[in-house]
Engineer: 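To start, I am sharing the structure in question, which I have written as structure tokens.
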Amino acid sequence: MATLFTRIIQREIPADIVYEDEHVVAFRDINPQAPVHIVIATREETPGLAQLPDQGDHRAILNAARLIAEQQGLKGGYRLVINQGEDGGQTVPHLHAHLLGGRAIGWPPG
Ligand code: AMP
């Protein structure tokens, strides 16, 4: 069964898509934690960072994050986060990164 994010990528579930290329699709998080909160999901259904293959779409996440940050005008900086597994706070088992910006992001995370 397709993951939630695959269903967004395939346009079965609506989302505010802000960027896509052959490897990743990026859309606004439905529960934003910052003025700009964008999920960058791989087209491939890798469950998470722990299952990262040697080759594949995940390599495009960093490049997409840089391009989206420029597109969104995040001149003051931003944070890129990948949650892995239960302790990492991951809720959707489909590899993705969160791009957070538009305010100062605190450290350490909760
Ligand atoms: P994670 O907890 O790292 O797995 O991140 C999953 C993210 O997906 C959460 O921040 C959710 O708010 C977000 N999310 C869940 N459903 C949707 C949706 N339909 N559209 C956009 N973002 C979603």
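We count ligands from 1, going down the list as the structure has it; atoms in each ligand are counted the same way.
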Engineer: Below the 3.5 angstrom mark, is there an N/O of V39, backbone or side chain, next to an N/O of ligand 1?
Structural biologist: no
Engineer: Tell me the contacting part of R28 for ligand 1: side chain, backbone, both, or neither, using a 4.0 Å heavy-atom threshold, strictly below.
Structural biologist: backbone
Engineer: Is I17 close to R11 at the side-chain level, that is, under 4.5 Å between some pair of heavy atoms?
Structural biologist: yes
Engineer: Please identify which atoms of ligand 1 are closer than 4.0 Å to at least one heavy atom of N31.
Structural biologist: 12 (O)
Engineer: Any non-hydrogen side-chain atom of L100 less than 4.5 Å from a side-chain atom of V81?
Structural biologist: yes
Engineer: Give me the nearest non-hydrogen protein atom to atom 12 (O) of ligand 1 as residue plus atom name, then the distance to 0.1 Å.
Structural biologist: D29 OD1, 2.5 Å
Engineer: I'd like to check H96 versus I40 (side-chain heavy atoms, cut-off strictly below 4.5 Å). Are they in contact?
Structural biologist: no
Engineer: Does any N or O of ligand 1 fall below 3.5 Å from an N or O anywhere on V92, backbone included?
Structural biologist: yes
Engineer: Among protein heavy atoms, which lies nearest atom 4 (O) of ligand 1, and at what distance?
Structural biologist: T91 N, 2.7 Å
Engineer: Do other residues, nucleotides or ligands put more than 12 heavy atoms under 6.0 Å from D87 CG?
Structural biologist: no
Engineer: For the pair E45 and R7, find out whether any cationic side-chain nitrogen is under 4.0 Å from an anionic carboxylate oxygen.
Structural biologist: no
Engineer: For atom 16 (N) of ligand 1, what is the nearest protein heavy atom, given as residue, atom name and distance?
Structural biologist: L4 CD2, 3.3 Å
Engineer: Please work out whether the ring planes of F5 and F27 are parallel, tilted or perpendicular, with thresholds of 30° and 60°.
Structural biologist: perpendicular
Engineer: Any salt bridge linking R43 with E22? Criterion: basic side-chain nitrogen under 4.0 Å from a carboxylate oxygen.
Structural biologist: no
Engineer: Extract all donor-acceptor atom pairs below 3.5 Å that involve side chains of residues 60-70 and protein atoms in other chains or at least two apart in sequence.
Structural biologist:
| from | atom 1 | to | atom 2 | distance (Å) |
| --- | --- | --- | --- | --- |
| N63 | OD1 | R66 | NH2 | 2.6 |

Engineer: Measure the distance from atom 1 (P) of ligand 1 to every protein heavy atom, then report the residue, atom name and distance (to 0.1 Å) of the closest one.
Structural biologist: H96 NE2, 3.2 Å
Engineer: Give the atom numbers and elements of ligand 1 that come within less than 4.0 Å of a heavy atom of H98.
Structural biologist: 1 (P), 3 (O), 5 (O), 7 (C), 10 (O)
Engineer: Who's the nearest protein heavy-atom neighbour of atom 8 (O) of ligand 1, and how far?
Structural biologist: F5 CZ, 3.4 Å
Engineer: May I ask you to list the atoms of ligand 1 that are less than 4.0 angstrom from any heavy atom of F27?
Structural biologist: 21 (C), 22 (N)
Engineer: Does the N or O separation between H37 and ligand 1 drop below 3.5 Å for any pair?
Structural biologist: no
Engineer: Could you tell me whether I8 approaches ligand 1 through its side chain, its backbone, both or neither, with non-hydrogen atoms closer than 4.0 Å?
Structural biologist: side chain
Engineer: For atom 22 (N) of ligand 1, what's the nearest protein heavy atom and its distance?
Structural biologist: I30 N, 3.1 Å
Engineer: Show your working on side-chain contact (heavy atoms from CB on, under 4.5 Å) between I30 and R28 and close with a plain yes or no.
Structural biologist: CA-CA 6 Å; I30 204 168; R28 291 192 191 280; over 6 Å; no
Engineer: Out of curiosity, is A15 lining ligand 1, as in a heavy atom under 4.0 Å away?
Structural biologist: no
Engineer: Of the options I9, V39, I8, which is the one that meets H94 in a side chain to side chain contact (heavy atoms under 4.5 Å, CB included)?
Structural biologist: I9
Engineer: Consider ligand 1: state whether an atom of it lies below 4.0 angstrom from any non-hydrogen atom of V81.
Structural biologist: no
